[in-house]
Amino acid sequence: MTRPTVAVWKFASCDGCQLTIIDCEDELLAIAAALDLRMFLEAGPSELLDHYDLSLVEGSITTEHDAERIRDVRERSGLLITIGACATAGGVQALRNTADVGAFTAAVYARPEWIHTLATSTPIADHVKVDLELRGCPVSKEQLLATITALLAGRRPSVTSHSVCVECKQAGNACVLVAHGAACLGPVTHAGCQALCPSLQRGCFGCFGPSEAANVDALHATWRATGLDDGELVRTLLTFNAAAPVFADGAQRVQFRAKEDV
Amino acid sequence: MTHEHRARRFEVDALARVEGEGGLIVEIHEGALTDVRLRIFEPPRFFEGFLRGRMYTEPADITARICGICPVAYQMSACQAIEHALGVQVDDEIRTLRSLLYCGEWIESHALHIHLLHAPDFLGYPNGIALAADHRAEVERGLRLKKIGNRIVEVVGGRAVHPVNVKVGGFYSAPSPVSMHELATELRWALEASLEIVRWVATFPMPEHELPDHTTLVALRHPTEYPMLGERLVSTGGLDIDPSQWRNHFAEEHVEHSTALHGRMLVGGDYMVGPLARFALNSDHLAPHAAAIAAEVGLTAAERNPFRSIVVRAVETVHACEVALAIAEGYTPPARSFVPVEPRAGVGCGWTEAPRGMLFHRYEIDAEGRIVTAQIVPPTSQNQPSIEHDLMHLVEHSLHLDDAALEHLCEQAVRNYDPCISCATHFLDMRVIRT
C-alpha cells in the first residue's frame, strides 16, 4: 500500500492542536510510518508538493495573505480536515469580530500602521470546502487518532455530535449544574472531551463548540432557575468558539432578554 | 571566487522546528555583515485587547490559548498576578501542586525540544522522525519521558494541552492519591532516563561559540528553590527586583519587522531569559541528582555557549523529575483545593519561569473584578533582540562558510532559544542578502 501524503498547516492559532499530534507519544512513530508526512513545519518536514492526499488545518483566517494561502492549500489537497476551535469556529481570536480591531491594535502595538490584519477571525469553512471538522480547544487526541485510523482503513470517520451531558452520564458524574449550581455549558456543547470539566467539579465552558441541535434558550432558562448570572452565560458562550453561529446568536438572545428584564 | 566578493543572499522563508511562524534575514555587504533581523509574521491575536472587560476568573483559561506548548506557564503567571491584585495568599499545599504541574510542563516541553526539535541539528538529521530511523531507542526514551511530563499535567491539570483544573486561588479538584502513586512509579523511571539523556546530549558535537560579552542574563530567583514559581528577578548585572518593579526596569518596543514586541532593559538594552540564564543564576539551587550530573558533564554557571542550552535543558529535566518525584511520593490530598477569592480593585503583577524563560503578567482589576488592562510579556519577545545580536556575532565569525552551511548554522542557533513564536506574537523565514 502506498502511504498517503499528508500536510499539517498552521494559520492563526496557539499550535496546541498540531502539538496534539506530537503528543501521541505511543503512536507517533507508527503514525510516521503509516503516513507520508511531507509538510509539518513545527516537526520539521517542509516539502511543498502539488498534491497532498490529506491536509490537516489548524488555525483561523485573520489576514488577507492567509485567506489566499488557504485557497492554495485547498487546491493542493485531496481531503481537508480542520483541527480545533480556531479552524472550525474562528477561535478565541474571533472575539475581535464584535469589537473594534483598530482599538485592539492600538492597545497592543505602538505603531498600528505596521500591523496588517483583517477585522475578523473566520473559520476555514468560510473560505474553502472542508471535508471534516474536528472540534475542541484543543482537539481530542483520541478523536484525532480515530479519524486517521478510519481514513487509513478506508472507513468514514465517526465523530459523535451529541452533547457533553451524554459523556457526563456515561462517566457517572452527578450533574454539576443541577446538583451544585455550577455554571455549565454542557447541555449545548459538542462531546469529545469525555466530560473533562464536570468530572473535576467544574462547569463546562464550551471549548468543543455547539453540539447538534443545541438549545441555548432552554439552557438560559435553566441558568436563571439555578440563580446563575446572564452576563456569565454570555461571556462563557463568547470565549473559545465565539464565532460559532449557535453560540453567537444564543448569546445575543440572552443579552436581549437581559435588557428586556431591566 | 571567494564569498567576500560576490553578492550573497540566502533565504529561509519559514523556519522549521520552532513553535509558530517566523523567518530570518541576514544582510552581508561587501563581505561585512550589515544586519540581522528576525521576522515574525505570526498573525497578531490581540489577547491584551480582548482581556479588557473580562472577569478576573478568565485569564487563566484565556491566556493559556496564547501557547499550546506552555499553557501552564500562562496559567501560573496569570494566577500569581491576579492573586497579587486581590490580596490572595494560597496554601502551601496548593503551591506545591502548582510546582508539580509546572514540573510536568518543563519535562514535556524540554523532552520535545531536545529530541524532536534540537537533537537532529547536532546529529545531522532533517527532523526527529529521520533521527528515529537511526536512533530509535533514544527517541523512544525521549517520547516516553515527554509522555510522563504530559501525564503529570493531566493528573494535576486535567488535560495536557490547555489544562482545565487551574483557577485563581488554586485548583477545582485535588488529584487522587492513587493517580499520584502511579505518577511516582513513572517518575522513578523518568529520573533514571533523564540522567541518561544528559549523558547522551553531552556527547553531541558543539559549535564553538559564546554569547556577546554585553549580554545580560535575567532569571527569577527563589530563596531555596530552582525557580519555576520564582519570587524576585535577578540578572548577571546585579538586578534584584520584585514583580511590581518590572515597569521601572523593562520596556517593550514595537519594531516594523515583527508582530512580537521587543523586550528591552531601560538600562543595559537587550537581555536574555531562558535555560542558560536560569542555570547561570540558580545552579546552586538544583536538586541533588541534577547538580551531580551537571558537574559530571562539566556544566558550570559560567556557561555562555547557547548551543549548550540543550545540555542545560536536559539537566533541568532531571531537576524537574526529582522535584516531581518528591512531591508525588509525599502527597496527601490538601485540606482544600482552593482558597476563597473575593474581587476588589487593584493592580497585580506576577511572573514564573516558562520552559523558554520568564513570563510576566500584569492586570489592573476594578472593584467588580473586571479587567481594566492586561499586559503579557512572553519569553521569546524578550529574547528577540538578544537572538538577533547573538546571530550577528555568530555570522560575523562564520562568513567563510558557504550559504548552505551558514544558513544551517543560523537556523540551529535560532533553535538554541527554543523560540515560541506563537507566544511572542501576540516568529521565522530566513533570508541572507549579500551585496
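All chains are named by letter (A, B, ...) in the order of the sequence lines, taking the proteins before the strands, and each is independently numbered beginning at 1.
- By number of non-hydrogen pairs under 4.5 angstrom with chain B, the leading residue of A:Gly16, A:Pro138, A:Ala12 is A:Pro138.
- Rounding to the nearest 0.5 Å gives a distance of 10.5 Å between OH of B:Tyr74 and SG of A:Cys14.
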When the side chains of residues 28-37 of chain A are checked against the rest of the protein, which donor-acceptor pairs come out under 3.5 Å, sequence neighbours left out?
{"unit_1": "A:Asp36", "atom_1": "OD1", "unit_2": "A:Arg38", "atom_2": "NE", "d": "3.1"}
{"unit_1": "A:Asp36", "atom_1": "OD2", "unit_2": "A:Arg38", "atom_2": "NE", "d": "3.1"}
{"unit_1": "A:Asp36", "atom_1": "OD2", "unit_2": "A:Arg38", "atom_2": "NH2", "d": "3.2"}

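- Within a 6.0 Å radius of CZ in B:Phe338, other residues, nucleotides and ligands contribute 12 heavy atoms or fewer.
- In plain terms, the two heavy atoms of B:Val164 and A:Arg202 that are nearest each other are O-NH1, 2.6 Å.
- No side-chain heavy atom of B:Phe171 sits less than 4.5 Å from a side-chain heavy atom of A:Leu200.
- The two residues B:Phe50 and A:Gln93 come nearest to each other via the heavy atoms CE2-CA, 4.0 Å.
- When heavy atoms are compared at a cutoff of 4.5 Å, A:Ile22 approaches chain B by way of both its backbone and its side chain.
- Separation of atoms CZ (A:Arg235) and CD (B:Glu58) is listed at 5.0 Å; rounding is to 0.5 Å.
- Near-neighbour residues of residues 154-162 of chain B relative to chain A, defined by a heavy atom under 4.5 Å from a heavy atom of that chain, comprise B:Gly158, B:Arg159, B:Ala160, B:Val161, B:His162.
- Annotation: the span from A:Glu25 atom CD to B:Arg151 atom CZ amounts to 11.5 Å, rounded to 0.5 Å.
- Taking B:Val139, B:Asp61, B:Thr57, B:Asn165 one by one and counting their heavy-atom pairs under 4.5 Å with chain A, the maximum is reached by B:Asp61.
- Environment of NZ in A:Lys141: crowded, with over 12 heavy atoms of neighbouring residues, nucleotides or ligands closer than 6.0 Å.
- Counting heavy-atom pairs closer than 4.5 Å to chain B, the top residue among A:Ser60, A:Cys137, A:Gly59, A:Ser199 is A:Cys137.
- Across B:Arg54 and A:Thr239, no two heavy atoms sit closer than the pair NH2-OG1, 2.7 Å.
- For the atom pair B:Ile69 CD1 and A:Asp15 CG, the distance stands at 5.0 Å (nearest 0.5 Å).
- Identified under the ring pair (Phe, Tyr, Trp, His ring centres under 6.0 Å) test for residues 133-160 of chain B, with sequence neighbours left out: B:Tyr125-B:His135.
- Side-chain atoms of B:Arg65 never come within 3.5 Å of backbone atoms of A:Gly91 as a donor-acceptor pair (strictly under, hydrogens ignored).
- Interface remark: A:Thr63 contributes side-chain atoms only to the contact with chain B (heavy atom separation under 4.5 Å).
- Side-chain atoms of B:Arg45 and A:Ser121 include no donor-acceptor pair closer than 3.5 Å.
- For the set A:Thr20, A:Thr236, A:Thr62, A:Leu95, the entry with the most heavy-atom pairs within less than 4.5 Å of chain B is A:Leu95.
- Of the atoms belonging to B:Ile62, heavy atoms from both backbone and side chain fall under 4.5 Å from chain A.
- Listed by chain and number, the residues in a side-chain contact (heavy atoms from CB on, under 4.5 Å) with A:Asp230 are A:His220, A:Arg224, A:Val254, A:Ala258 (sequence neighbours excluded).
- Contact annotation for B:Arg144: neither backbone nor side-chain heavy atoms come within less than 4.5 Å of a heavy atom of chain A.
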